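Everything on this sheet refers to the single structure shown next.
Just so it is clear, the structure is predicted and the values come from calculations on it, not from any experiment.
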Amino acid sequence: MKKILLVILLLASYNSSSQNFPTVTIEDESKLKLHKLIVDAEISGNYATVTYDMTFYNGLDRILEGELTFPLAQGQTVSHFAMDLNGKLRSAVVVEKELGRVTYESTIKQRIDPALLKQTQGNNYKVRVYPIPAKGYKRIVITYEQNMLVNAGSYHFNTPFGFEKSLNNFKIEIKCNNQLIPPE
């Protein structure tokens with residue numbers, strides 16, 4: 001009986017602390033199809049840098065606007081953000097909240113649609129995604145960094161893959177630098 005309770009408690013704690021997968025939600029609250037995902041992780045000692053290169057597909061005959069939500073686990077921090085604008089990947093810069101607001105407002109006045117990645121409640125991030133071309137693709141790249149936790153003398157690396165639908169294209173590459181013991 002104790003073994004069964006332990007398994008149930010472990011499963012309950014795993015589900016409650018698990019990180020959700022990034023999604024783009026459109027006006028009718030449906031989710032945009034994630035067409036392609038490339039994940040690159042580089043681990044050096046107890047430090048990991050993870051890049052999600054996501055391409056979403058709009059199968060509709062009209063341009064869409066959406067909102068990307070990118071939840072992170074405790075201790076993870078966004079270090080890079082880029083979005084495809086007119087066929088070119090444009091990188092963002094990290095600025096203080098007030099400077100970001102002022103820059104956003106002045107950019108809007110120039111009739112340019114800036115991307116403003118905001119940290120919301122907890123360690124969740126969101127950004128307005130526009131335009132998402134009709135019958136077209138929208139590419140978004142986010143990199144985050146984290147110190148990995150030690151458990152039983154080993155570092156543990158975890159990244160969520162909660163796909164609701166199958167992907168057309170998926171690739172993951174994990175590089176471990178300067179590791180004395182090979183990763184499992």
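In plain terms, the two heavy atoms of Ile63 and Pro131 that are nearest each other are CG2-CB, 3.6 Å. For the residue pair Ile140 and Leu68, the shortest heavy atom distance occurs at CG2-CD2, 3.8 Å. Shown here for Ile43 and Ala48, the closest heavy-atom pair between the two residues is CG1-CB, 4.1 Å.
Clustering of Ile, Leu, Val, Met, Phe, Trp and Tyr by side-chain heavy atoms under 4.5 Å joins Leu89 with Val141.
One distance of note links NZ of Lys88 with CZ of Arg90; it measures 5.5 Å at 0.5 Å rounding. Atom CE of residue Met148 and atom NE2 of residue His156 lie 9.5 Å apart, to the nearest 0.5 angstrom. One finds the CG atom of Asp40 at 6.0 Å from the OG1 atom of Thr51 (value rounded to the nearest 0.5 Å). If you take CD1 on Ile174 and OG1 on Thr159, they are separated by 8.0 Å, rounding to the nearest 0.5 Å.
Comment: Lys138 does not engage Asp84 in a salt bridge, judged by the lack of any side-chain N to carboxylate O separation of less than 4.0 angstrom.
Environment of NZ in Lys126: sparse, with no more than 12 heavy atoms of neighbouring residues, nucleotides or ligands closer than 6.0 Å.
By the rule that hydrophobic residues join a cluster once side-chain heavy atoms approach within less than 4.5 Å of another member, Val129 and Leu60 end up as members of one cluster. Connection of Leu167 to Val39 is established within a shared hydrophobic cluster, with ILVMFWY side chains joined at heavy-atom distances below 4.5 Å, either directly or through further cluster members. Placement of Leu32 and Ile38 in two distinct hydrophobic clusters is found when ILVMFWY residues are connected by side-chain heavy-atom separations under 4.5 Å, directly or transitively. Val24 and Phe170 end up in the same hydrophobic cluster when Ile, Leu, Val, Met, Phe, Trp and Tyr side chains are linked at under 4.5 Å.
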Derivation and outcome, side-chain hydrogen bond (donor to acceptor under 3.5 Å, both in side chains), residues Ser79 and Glu145 | CA-CA 7 Å; Ser79 60; Glu145 299 176 2; 3.2 Å; yes
List the steps, then state whether side chain to side chain contact (heavy atoms under 4.5 Å, CB included) holds for Leu34 with Met54.
-> CA-CA 7 Å; Leu34 179 60; Met54 304 168 283; 3.8 Å; yes
Output, in order, the C-alpha distance, side-chain angles, deciding distance and verdict of side-chain hydrogen bond (donor to acceptor under 3.5 Å, both in side chains) for His80 and Ser91.
-> CA-CA 7 Å; His80 178 255; Ser91 292; 3.1 Å; yes
Evaluate side-chain hydrogen bond (donor to acceptor under 3.5 Å, both in side chains) for Thr23 paired with Thr69, printing each intermediate quantity in order.
-> CA-CA 6 Å; Thr23 57; Thr69 54; 3.1 Å; yes
Applying side chain to side chain contact (heavy atoms under 4.5 Å, CB included), run through Val127 and Glu67 and close with a yes or a no.
-> CA-CA 6 Å; Val127 65; Glu67 181 177 78; over 6 Å; no
For the pair Leu37 and Tyr52, evaluate side chain to side chain contact (heavy atoms under 4.5 Å, CB included) and give the outcome as yes or no after the intermediate values.
-> CA-CA 7 Å; Leu37 174 64; Tyr52 277 65; 3.8 Å; yes
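In terms of modelled atom types and a separation under 3.5 Å, the side chain of Glu27 and the main chain of Glu65 share a donor-acceptor contact. Asn151 places no side-chain N or O within donor-acceptor distance of the main-chain N or O of Tyr155, the cut-off being under 3.5 Å. For Asn123 (side chain) and Gln76 (main-chain N/O), a donor-acceptor pair under 3.5 Å exists by modelled atom type. At distances below 3.5 Å, at least one donor-acceptor pair connects side-chain atoms of Thr120 with backbone N or O atoms of Asn124. Distance alone, capped at 3.5 Å, places no donor-acceptor pair between the Asn46 side chain and the Asn147 backbone. For Lys33 (side chain) and Gly59 (main-chain N/O), no donor-acceptor pair under 3.5 Å exists by modelled atom type.
By the ring pair (Phe, Tyr, Trp, His ring centres under 6.0 Å) test, Tyr137 is found to be paired with His35, Tyr57, residues two or more places apart in sequence or in another chain being considered.
For the pair Val50/Phe157, a side-chain contact is recorded, criterion being any heavy-atom separation below 4.5 Å from C-beta on. When side chains are defined from C-beta on, Val78 counts as touching Leu72, because their heavy atoms get closer than 4.5 Å.
The only member of Asn177, Asn178, Thr49 that meets side chain to side chain donor-acceptor pair (under 3.5 Å) when paired with Ser44 is Asn177.
Note: Tyr125 and Phe81 fail the aromatic proximity criterion, with ring centroids not under 6.0 Å apart.
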